[in-house]
Each structure stands twice: as structure tokens, then as C-alpha cells.
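For reference, the structure is listed below as C-alpha cells.
Numbers restart at 1 for each chain; the letters A, B, ... are given by sequence-line order, proteins then strands. All values below come from the heavy atoms of this structure, side chains included, with hydrogens, waters and symmetry mates left out.
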There are 2 protein chains.
Amino acid sequence: MAATLKDIAEKLGLHPATVSRALNPRTAHLVNAGTVTRVRRAAESMSYVPNSMAAGLRTSRSHTVGVVIPDLTNPLFPGIVRGIQDTLSRAGYTPLMVNTDNDADVEAQVVASLRARRVDGFILATARREHPLLVELSSKLPVVLINRVTDSMQLPSVSADNQHGIRLAVDHLVGLGHREIGHVGGPVWSSTGHERAQSFARTMRAHGLSTARRINAVDAWSIESARDAARRLLVANPGITAILAANDQLAIGTIEAARSLKRRCPQDLSVVGYNDMPFMDLVDPPLTTVRVPQYDIGSESARLMLSLLLEQEATPLKQVRLTPELVVRGSTARRRAPRA
Amino acid sequence: MAATLKDIAEKLGLHPATVSRALNPRTAHLVNAGTVTRVRRAAESMSYVPNSMAAGLRTSRSHTVGVVIPDLTNPLFPGIVRGIQDTLSRAGYTPLMVNTDNDADVEAQVVASLRARRVDGFILATARREHPLLVELSSKLPVVLINRVTDSMQLPSVSADNQHGIRLAVDHLVGLGHREIGHVGGPVWSSTGHERAQSFARTMRAHGLSTARRINAVDAWSIESARDAARRLLVANPGITAILAANDQLAIGTIEAARSLKRRCPQDLSVVGYNDMPFMDLVDPPLTTVRVPQYDIGSESARLMLSLLLEQEATPLKQVRLTPELVVRGSTARRRAPRA
DNA sequence: CGGCGTAGTGCAATCGATTGCTAACCGCGG
DNA sequence: CCGCGGTTAGCAATCGATTGCACTACGCCG
């Protein structure tokens with residue numbers, strides 16, 4: 001059906017090998033310049049499309065990268081994915097994207113199916129803290145981690161600086177006069193949640209503020225989960241005047257919990273989110289949040305992957321840290337007189 | 001490096017062909033049951049992963065489907081993509097996803113690169129009204145259209161019933177007492193925008209209401225674009241008390257335009273969106289909108305694609321239409337006395 | 001005029017799985 | 001004892017591109 005190298009070769013009275021070389025920019029210099037243009041023209045006219053499966057079989061490189069995402073419908077990820085796609089495709093690579101739903105079994109399964117497709121490498125945005133696959137996987141293929149650095153192993157990674165982001169947020173709240181600041185943290189199994197909670201504690205201590213009993217955790221990065229947790233936190237600590245949530249969904253859940261306790265945001269309670277997902281400027285109240293450069297995280301991780309794939313000499317371990325910034329909107333306000 | 005059929009065969013003193021048959025459920029019955037289990041066990045222990053590129057080369061089927069999306073960061077799409085992925089992967093297929101940014105050139109390019117990867121079919125969610133590629137493409141590969149039926153050609157498609165959705169919205173507004181209802185339509189090149197505008201006109205006429213001069217169009221599905229358009233519409237037609245926007249972004253832009261003209265939503269102007277993207281319940285005011293079943297659109301289109309790929313006999317042309325529903329929230333209200 | 005270097009092509013093996021055909025072998029009936 | 005049907009398994013070709021090696025022809029130098 002579709003034209004092959006052999007078809008072109010026959011039409012031109014050449015050998016397939018010559019046609020192959022003429023069409024490959026890296027080897028075209030081995031072929032007479034006139035022949036190259038003849039071949040190019042013929043390929044064009046026969047609308048030749050190289051069969052990447054055949055090429056991949058021969059070279060055992062698929063020009064394909066597995067991209068493992070916990071949940072694409074979390075608005076944090078589409079931006080990242082766009083960054084990955086744009087950068088990879090510019091280099092002739094195709095991302096193979098899969099969701100895991102934050103389920104370790106699903107993850108094992110999709111990783112296996114991507115290996116069957118012979119991906120050349122993996123970009124992992126799943127942020128479980130422990131990760132049995134990782135050791136084995138990274139010994140066989142290039143792996144780039146997104147939003148996570150592992151405790152045990154050194155791997156190439158791209159992430160936004162959580163410590164810095166959290167400090168921006170806490171400084172902002174302290175600057176507004178808040179002293180009793182709570183934290184609604186992410187799931188305990190999540191390395192991101194863990195890191196942000198630690199950064200929170202560290203920063204609070206640096207300000208000489210109490211931290212220990214205010215840290216709280218939920219079991220999913222969801223609005224519902226935060227609703228419960230924040231409610232408990234607020235009931236247990238009525239003196240809290242501000243809460244830093246570990247991401248935007250948790251911030252929204254926190255605001256809803258506050259409302260259910262008749263505490264308005266920002267008048268009675270300031271709330272800061274994290275990530276600055278799309279539309280967070282439009283919710284009520286517009287969310288003050290830490291913006292992470294989503295597209296850049298994606299494109300940087302793709303760039304890192306490409307350098308691992310293309311550099312002949314072993315690339316030195318690179319861990320890219322991007323800097324988040326604080327976006328002040330309507331969900332934070334100066335602390336008012338403590339409630340009666 | 002990785003184990004191959006031959007490796008297993010040698011270890012077991014068998015021929016690769018036998019191993020292949022033993023491992024393939026469709027041909028396992030040709031092999032002695034005992035041999036099958038021996039092979040299975042060996043494959044397991046050597047952690048054999050079949051090379052899908054070799055299989056694909058031989059069978060010229062990649063078990064891969066190209067999924068072409070205009071813009072993944074449009075929150076409408078992640079839900080659809082999830083539906084596609086879940087359904088395809090359950091059947092052993094892998095989606096290859098690409099963005100086009102609503103650019104026809106980019107689209108041509110990504111389609112070419114997907115064809116080089118020998119995708120078995122295409123799911124197209126790009127909704128340009130005219131589409132030169134489509135004719136050629138659909139003659140060579142199975143194609144399923146999302147959110148679009150073409151004027152010229154009959155192709156398998158999955159979409160939500162725009163006419164029905166628009167009617168729900170208009171009926172709602174009319175029921176609230178509105179008579180002068182405007183429409184902020186999508187880009188003219190978009191088939192979705194076109195269809196919704198037509199449905200709007202039709203429904204308004206059915207209600208005996210004026211329509212002609214209120215229809216308006218913008219050049220992108222963006223908040224900014226709607227801001228300008230809605231402003232012009234409102235300035236030109238100050239009597240308008242309600243606006244139906246062709247999607248949620250346009251609705252948000254419309255609300256902002258109204259604000260800039262000192263018209264509050266919903267008190268002075270009711271606004272209805274379309275799609276019910278995530279977080280539309282949280283914006284200010286919570287958006288009344290037509291909900292389309294995003295996940296189902298994705299999974300139905302994947303199902304349709306699978307039936308095209310797997311059924312031996314030609315599948316009869318199927319055009320799936322899903323039914324949207326109206327979600328009433330805070331952006332619409334009963335019409336008040338006409339403004340002074 | 002002989003020999004050597006080089007540019008340009010052709011040859012053929014290779015990647016790993018699949019599959020139509022063939023071959024070996026068994027049991028059984030005539 | 002022969003032959004036949006049926007079950008298992010091996011053989012070998014095939015998919016299409018890539019690439020190390022061999023070969024030809026030509027130009028150039030000594």
C-alpha cells in the first residue's frame with residue numbers, strides 16, 4: 001500500500017540502501033548530491049512515509065518517551081504535558097502518555113505496557129514517596145522525575161522549589177499580621193505533600209511561630225478530602241487566622257470548610273493555595289496562591305530527557321529547580337482582631 | 001539485552017515459532033497444553049516483554065491510535081482524553097496524543113508524523129469546518145470525529161447534541177422571563193461554534209423571539225476574545241438581559257465585559273455557558289451551563305474506533321449523539337424590570 | 001603506466017515476531 | 001501391516017529500514 005524505500009529504489013534504478021542514506025540527513029553526505037535530490041523528489045512525489053516500526057526494530061530506538069501522569073484531569077498537568085509534548089516533538093520524539101490514578105498497581109501495569117512499546121525513556125510525574133519500580137527501571141532506561149526528588153536515589157529531576165514557594169506564602173501571611181497559621185497538607189504518601197509540610201514547619205520555626213499541632217494531612221489531593229481535614233483543623237484550633245494549603249484543590253476545600261463554620265474568607269480566614277491552576281483567578285474569592293511554572297517544568301524535563309537520550313557521553317546528573325512565585329489575590333487579607 | 005522469543009525457545013529447546021504461538025492466546029490452542037505452561041512460566045521468569053515494533057512490522061498493525069486535540073490546556077479536553085485512554089488501553093491499544101493549537105498547518109504536520117508511526121486509526125477532535133486532510137485521511141484509515149459532523153462527508157462521529165443543549169439553555173432563559181437574549185458565538189471556522197449559533201437562532205425563532213442582530217462571533221475560544229465581542233454586543237444592544245455563550249470561556253469573558261459596563265451578573269444580566277468545565281461551579285458567580293458528558297464522549301469515540309478496527313465486516317456508519325444537560329447555578333436569574 | 005586514495009553504490013545481514021506450509025509422530029481402523 | 005487423520009512442532013519467508021563491508025570507477029601522483 002504505502003510506498004517503501006524499495007519502491008523508490010526501483011523507480012529510480014537504485015538500491016534501497018542508497019535511498020535510505022539519501023533520505024537520512026546524517027548519512028546524505030555519503031551520496032552524490034544529484035542523487036540525493038532525485039531521491040528526495042521521488043520520495044516526495046510518491047508521498048513516502050518512513051516506517052518507524054521497521055526503523056525502530058533495526059535500531060532498537062523507538063523515538064518515543066513514556067510520560068506517566070497521575071491524573072490528567074488535575075488541571076496542574078495539562079500545562080506540564082504541553083511543555084513536554086512541544087519540546088519532545090520538536091526533536092522528533094513522540095510522548096506516550098498514560099494516567100495512573102495514583103494507583104501503584106496501575107502504574108506498574110502501564111509502565112510494563114510502555115516498555116513493551118520500547119519507549120526510549122520515561123518521564124515520571126507520579127510522586128509517591130517510595131517506589132519499588134524506580135530502582136529497576138532507572139537501571140535500564142533514562143528516567144526523569146517531575147516534581148520529586150527521591151530520598152534514596154539520585155536521579156535527574158525537574159521540580160519547582162517547594163521550600164522557596166512555601167516561604168513566599170508564609171512570609172506573605174506573616175506580613176499580613178498572621179501568627180496562628182495552619183497547614184492543610186497533601187497525602188502522606190506523596191513526596192510533594194511531604195516536602196511542602198516540612199518546608200512549612202521549617203519556615204514557621206524560622207519565624208519563631210508555633211507549628212507542631214497545626215500540621216494536618218489528608219488522603220487525597222481533592223476538594224472533598226480537604227473539606228474534612230480543614231474542618232477538623234479549624235475546630236481543634238479556633239485561633240487560626242490563616243491556612244496554607246498544599247495545593248489549590250485543598251485551598252478550595254479549606255475555604256468551603258471555613259464557610260461551613262461561618263468563617264468567611266478572607267475576612268475571618270486567609271487561605272493560600274499552591275500551583276495556580278487555570279481559573280484560580282476566577283473562583284470566589286480569587287485565590288492567592290504560589291504559581292509554579294507548569295509549562296516550563298514540562299519543557300525542562302523533556303529537554304533533560306533529550307540530553308540523556310542524545311548525548312553520547314554520560315550526562316552528569318542534573319536536577320533542575322525552577323522558581324515559583326507568589327500570586328496575591330483575594331483570599332488573603334490583613335489579620336483582624338482575634339475572634340471573640 | 002531484553003529477552004526475545006528466541007531466547008525463550010533456546011532455553012526450552014523449542015523453536016521460536018512455537019513459543020510465539022504458545023504466548024499468543026489466539027494461537028495457543030495449536031500448542032500442547034503442557035508446552036504452553038512451560039513457555040508461559042519461562043517467559044515470566046525471564047521477564048519477557050514482546051517487542052511490539054517487531055510484531056507491528058510483521059503484521060503492519062501498531063495497536064496505536066492517533067488522537068488529535070486542539071488544545072489540551074482547554075479544560076474540556078482532559079476529561080475526553082481520559083475516556084479515550086481508559087477505553088483504548090483496556091483493549092490493548094495505546095493513544096498517541098498531539099495538540100494542534102487550532103492551527104491547520106500544525107495539524108497537517110502532526111498527522112503526518114502519526115502516520116509515520118503507523119497509527120491504526122485517528123480520533124480527531126479538531127473542529128474546523130472545512131478540512132482538506134479529512135478526505136484523504138479517511139480513505140486510508142479509520143477516522144472517528146469528536147464533536148463534529150462534517151457537512152460534506154459522512155464519517156463515524158461522537159458528539160453531544162448541540163441543538164438539544166442550546167434548547168435547554170434558551171428554554172431556561174425564556175422561562176426566567178428573558179426576551180432579549182444575545183448569543184456570543186464561537187469562532188466562525190469552528191463547526192461547533194457554527195452549529196451552536198444555528199441552534200440558537202432556530203430555538204429563538206421557535207419561541208417567536210428576535211435573533212438576527214444579536215448573534216455575534218469571535219475569533220478564538222478565549223476569555224479575552226469574548227470580552228471584546230460581548231462588550232460590543234452589549235453596547236450595540238443595551239436591551240439585552242441575557243446572553244447565551246457558546247462555551248464556558250466565552251461566558252466568563254461575557255461576564256467580565258458586563259462588569260466593565262457596570263452590569264452585574266446575574267442581577268442585570270444572566271449568562272449561560274456551555275461544557276461545564278471543571279471549577280465552573282466555583283467561579284464568581286457560579287456558572288449556569290450546559291454540561292456535556294466529557295468522559296463519555298471520549299470513551300464512546302474510543303469504542304467506535306475499536307469497533308472499526310476489530311470488526312471484520314464493515315461496520316455500518318455510526319454517529320453517536322450524547323445528550324447534554326443543563327446545570328443551573330448562580331449566573332442566571334429571573335429577569336428584572338428593564339433597565340432605565 | 002602502475003598504484004593508491006576516495007567518492008559513490010551495491011550487497012547482504014540484521015532487528016524480533018508472525019504465519020503458511022511442511023514434517024514428524026501418534027493412534028487406530030481396515 | 002498399511003495408510004489415514006489429527007496433533008505438535010519446525011522451517012523459512014516476511015515485514016521495511018539500517019549499516020558494515022565490499023566493490024567499482026575515477027582521478028591523481030609518482
Expected rows: protein N/O vs nucleotides 4-6 of chain C N/O, under 3.5 Å:
none

For this session: Provide, to the nearest angstrom, the distance between the CG atom belonging to A:Leu12 and the P atom belonging to C:dG8.
Result: 17 Å
Problem set entry | Minimum heavy-atom distance between A:Pro70 and A:Phe77, given as atom pair plus value | CG-CZ, 3.4 Å
For this session: Grab the CG-C1' distance between A:Asp7 and D:dC15 for me, whole Å please.
Result: 13 Å
For this session: Please confirm whether the backbone N or O of A:Arg26 pairs with a side-chain atom of A:Asn24, one donor and one acceptor, at under 3.5 Å?
Result: yes
For this session: Output yes when a side-chain donor or acceptor of A:Thr37 lies under 3.5 Å from a complementary backbone atom of A:Gly34, and no otherwise.
Result: yes
Problem set entry | Chi angles and distances behind the side chain to side chain contact (heavy atoms under 4.5 Å, CB included) call for A:Val19, A:Leu12 | CA-CA 9 Å; A:Val19 177; A:Leu12 260 45; 5.6 Å; no
Seminar exercise, completed: Whether each nucleotide of nucleotides 8-14 of chain D has a protein heavy atom under 4.0 Å at its base (B), only at its sugar-phosphate (S) or at neither (-) is summarised, 5' to 3', as SSBBBBB
For this session: In whole angstrom, give the distance that lies between atom CG of B:Asn24 and atom P of C:dA17.
Result: 12 Å
Exercise. Hey, is the main chain of B:Arg118 close enough, under 3.5 Å, to the side chain of B:Ser62 for a donor-acceptor pair?
Worked result: yes
Problem set entry | Rounded distance (Å) that lies between atom P of C:dA17 and atom NZ of B:Lys6 | 10 Å
Exercise. Does any N or O in the side chain of B:Thr87 come within less than 3.5 Å of the main-chain N or O of B:Ile84, such that one atom is a donor and the other an acceptor?
Worked result: no
For this session: Report the nucleotide, chosen from D:dG16, C:dA17, C:dT19, that has the shortest atom-to-atom distance to any side-chain atom of A:Leu57.
Result: D:dG16
Problem set entry | Residue pair B:Asp7 / B:Ala2: nearest heavy atoms and the distance that separates them | OD2-O, 3.9 Å
For this session: Write down the distance between CD (A:Glu10) and P (C:dG10), rounded to a whole number of angstrom.
Result: 13 Å
Exercise. Which part of the nucleic acid does A:Thr4 contact within heavy-atom distance under 4.0 Å: base, sugar-phosphate only, or nothing?
Worked result: sugar-phosphate
Exercise. Should B:Thr94 and A:Arg117 be marked as a side chain to side chain donor-acceptor pair (under 3.5 Å) after you check the CA-CA gap, both sets of side-chain angles, and the distance that decides it?
Worked result: CA-CA 9 Å; B:Thr94 301; A:Arg117 295 223 173 267; 2.7 Å; yes
Seminar exercise, completed: 5'-most contact on DNA chain C (nearest-nucleotide basis), B:Arg26 vs B:Met53, goes to B:Met53
For this session: Measure the distance from CG on B:Leu5 to C1' on C:dC15 and round it to the nearest whole Å.
Result: 13 Å
Exercise. Taking A:Asn74 for the side chain and A:Leu76 for the main chain, is one N or O donor matched with an acceptor at less than 3.5 Å?
Worked result: yes
For this session: Using a 4.0 Å heavy-atom cut-off across all strands, classify B:Thr59 as base, sugar-phosphate, or nothing.
Result: sugar-phosphate
For this session: Would you indicate, yes or no, if D:dG16 has its OP1 or OP2 atom less than 4.0 angstrom from a side-chain nitrogen or oxygen of B:Arg118?
Result: no
